[in-house]
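Notes follow once the structure below has been shown.
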2 protein chains.
Amino acid sequence: MIMGRRWGEGRPGGRWHGELRGCGYRVTMPRQVILQVLDEAKKHLSAEDIFIKVHQIYPAIGLTTVYRTLELLVRMGLVHKFDFGDGRARYELCDGNNEMAHHHHLICTDCGRVIDYDDFTEEETELIKKTEKELAKKYDFTVRNHTIQFYGLCKKCNALKK
Amino acid sequence: MIMGRRWGEGRPGGRWHGELRGCGYRVTMPRQVILQVLDEAKKHLSAEDIFIKVHQIYPAIGLTTVYRTLELLVRMGLVHKFDFGDGRARYELCDGNNEMAHHHHLICTDCGRVIDYDDFTEEETELIKKTEKELAKKYDFTVRNHTIQFYGLCKKCNALKK
DNA sequence: TGTGTTGCTGGGAATAATTATCAATAATAA
DNA sequence: TTATTATTGATAATTATTCCCAGCAACACA
Ligand SMILES: [Mn+2]
Ligand SMILES: [Mn+2]
Ligand SMILES: [Zn+2]
Ligand SMILES: [Zn+2]
């Protein structure tokens with residue numbers, strides 16, 4: 001007797017089968033490929049970036065579906081949506097078991113460069129956890145995630161100012 | 001002999017005379033009124049909110065000028081620009097000597113409610129300062145300010161889920 | 001206190017990201 | 001396999017923000 005294997009298991013985008021079904025959503029090709037693209041991405045992508053990458057794997061994809069799916073994944077808490085101030089949203093898979101660890105951002109207000117930053121000190125991680133707990137208690141607010149962004153001037157723009 | 005008083009001094013929007021002139025900018029009515037409105041605001045306003053309020057004081061104002069001025073003030077570091085994920089930017093006067101102290105945000109991903117949060121512990125404030133210093137050194141990045149936002153479910157939406 | 005320079009403004013048009021519509025399609029339960 | 005209905009994709013619509021440019025006004029310098 002062969003052990004049953006759930007559909008999509010082992011396939012790049014099929015890893016999230018359980019997550020989707022668990023929330024009562026259907027496991028469709030667009031959803032799988034979008035998740036696969038997000039998973040393989042090493043940096044924050046815009047909706048259009050994602051559309052282009054998905055299109056190479058699954059040409060039938062529509063831009064609307066990309067937006068719709070991203071919104072869904074954000075609601076599900078699987079994806080982070082960021083705004084770096086350039087008029088388009090960026091998306092990153094939340095740190096699960098995968099590549100991209102949770103990180104914060106340094107954003108240059110001059111040239112728009114974004115630096116990912118994830119080598120937190122023990123102290124930092126600890127304090128954030130503690131703060132979240134306190135906020136939860138004080139405001140009766142269930143914290144699901146957070147964004148921390150530092151704005152200023154990057155190395156290059158700093159030099160240019162002098 | 002009467003002590004000279006700089007133009008606009010004492011007037012609500014004239015408080016920033018020095019800031020503007022110091023950067024080589026002209027002190028115009030739109031700029032003064034926009035700053036006055038931001039100063040009197042108790043909460044984060046959208047560009048349109050600001051336009052409407054300014055319009056009551058200075059009806060000749062144009063929406064374009066509001067956007068232009070806000071961009072200028074953000075570049076000058078006098079104003080904070082936020083994105084709460086509803087498609088429109090929000091603006092708050094940076095904590096100077098004035099009303100609104102520096103604060104962070106709790107954002108409900110369900111209903112969009114935004115809670116201002118500014119009763120930091122000594123520990124929190126300290127760590128942020130320390131982190132900024134470390135980042136400055138490590139990435140050669142001049143930190144000018146930061147945003148910290150916690151996403152999750154507010155009290156009301158939490159109750160509704162059950 | 002005039003006057004010239006030029007930074008600043010306002011209205012309207014243009015742009016571009018995101019959403020809404022809706023008939024066709026395909027995932028899932030029976 | 002078949003029925004149900006969530007999901008999709010093309011297109012149109014929306015909407016925040018930016019561009020453009022002729023007229024205006026702040027202010028440096030008389
Ligand atoms: Mn990132
Ligand atoms: Mn606020
Ligand atoms: Zn830069
Ligand atoms: Zn809520």
Side-chain angles (χ1 to χ4, degrees), chain A residues 6-8 11 13-14 16-18 20-35 44-52 54-55 57-76 79 81-91 112, chain B residues 4 6-8 11 13-14 16-35 44-52 54-55 57-76 79 81-91 112:
Chain A
R6 264 184 311 195
W7 195 81
R11 179 178 331 238
W16 295 267
H17 189 109
L20 289 167
R21 296 308 344 262
C23 292
Y25 299 121
R26 294 183 180 177
V27 180
T28 68
M29 195 53 73
R31 285 171 182 170
Q32 289 184 82
V33 180
I34 287 169
L35 279 163
H44 28 258
L45 302 172
S46 69
E48 201 191 351
D49 291 337
I50 294 166
F51 172 72
I52 291 171
V54 171
H55 191 271
I57 301 170
Y58 181 70
I61 192 73
L63 182 55
T64 304
T65 301
V66 171
Y67 276 107
R68 230 180 343 225
T69 303
L70 288 170
E71 190 201 333
L72 182 81
L73 296 174
V74 168
R75 267 207 322 271
M76 288 175 64
V79 165
K81 181 180 183 180
F82 290 102
D83 169 62
F84 297 148
D86 67 342
R88 65 184 59 190
R90 306 303 169 112
Y91 301 86
Chain B
R6 263 184 310 196
W7 195 82
R11 178 181 331 238
W16 295 268
H17 190 110
E19 310 273 2
L20 288 167
R21 298 305 348 258
C23 293
Y25 299 121
R26 294 184 179 174
V27 179
T28 68
M29 196 52 74
R31 285 171 182 171
Q32 289 183 82
V33 181
I34 288 169
L35 278 162
H44 27 260
L45 301 173
S46 70
E48 200 190 351
D49 291 337
I50 294 167
F51 172 72
I52 291 170
V54 171
H55 192 271
I57 301 170
Y58 181 71
I61 193 71
L63 182 55
T64 305
T65 301
V66 172
Y67 276 107
R68 231 179 345 225
T69 303
L70 288 171
E71 191 200 332
L72 182 81
L73 297 174
V74 169
R75 267 207 321 273
M76 288 175 65
V79 165
K81 181 180 183 180
F82 290 102
D83 168 62
F84 296 149
D86 68 343
R88 63 184 60 189
R90 304 304 169 112
Y91 302 86

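All values below were derived from every heavy atom in this structure, side-chain atoms included, with hydrogens, water molecules and symmetry-related copies excluded. Chain naming here is simple, since letters A, B, ... match the order of the sequence lines and numbering starts at 1 in each.
- For B/E71, the side-chain hydrogen bond (donor to acceptor under 3.5 Å, both in side chains) partners are B/R75, not counting sequence neighbours.
- The salt bridge (Lys or Arg N to Asp or Glu O under 4.0 Å) test applied to B/E19 returns no partner, not counting sequence neighbours.
- Evaluation of the salt bridge (Lys or Arg N to Asp or Glu O under 4.0 Å) rule for B/R90 yields B/D86 as partners, not counting sequence neighbours.
- OP1 or OP2 of D/dT17 has at least one side-chain nitrogen or oxygen of B/Y67 nearer than 4.0 Å.
- Checking the phosphate oxygens (OP1, OP2) of C/dA17, no side-chain nitrogen or oxygen of A/R90 falls inside 4.0 Å.
- At a non-hydrogen distance threshold of 4.0 Å, B/R68 from residues 68-76 of chain B come into contact with DNA chain D.
- Residues from residues 59-66 of chain A that place a heavy atom under 4.0 Å from any atom of DNA chain D, listed by number: A/A60, A/I61, A/G62, A/T64, A/T65.
- Listed nucleotides D/dA25, D/dT18, C/dT18 differ in distance to A/A47; the shortest reach to its side chain belongs to C/dT18.
- Here the side chain of B/R26 is nearest to one of C/dT9, D/dT8, C/dT6, namely C/dT6.
- Contact annotation: B/R21 does not reach the phosphate of D/dA26 (side-chain N/O to OP1 or OP2, under 4.0 Å).
- A rotation axis mapping the C1' atoms of four pairs onto the next four is fitted at both ends of the helix from C/dT1-D/dA30 to C/dA30-D/dT1 over five pairs, and the angle between these axes is 50° to 10 degrees.
- When each of B/Y25 and A/G24 is assigned the nucleotide of DNA chain D bearing its nearest heavy atom, the one mapping closer to the 5' terminus is A/G24.
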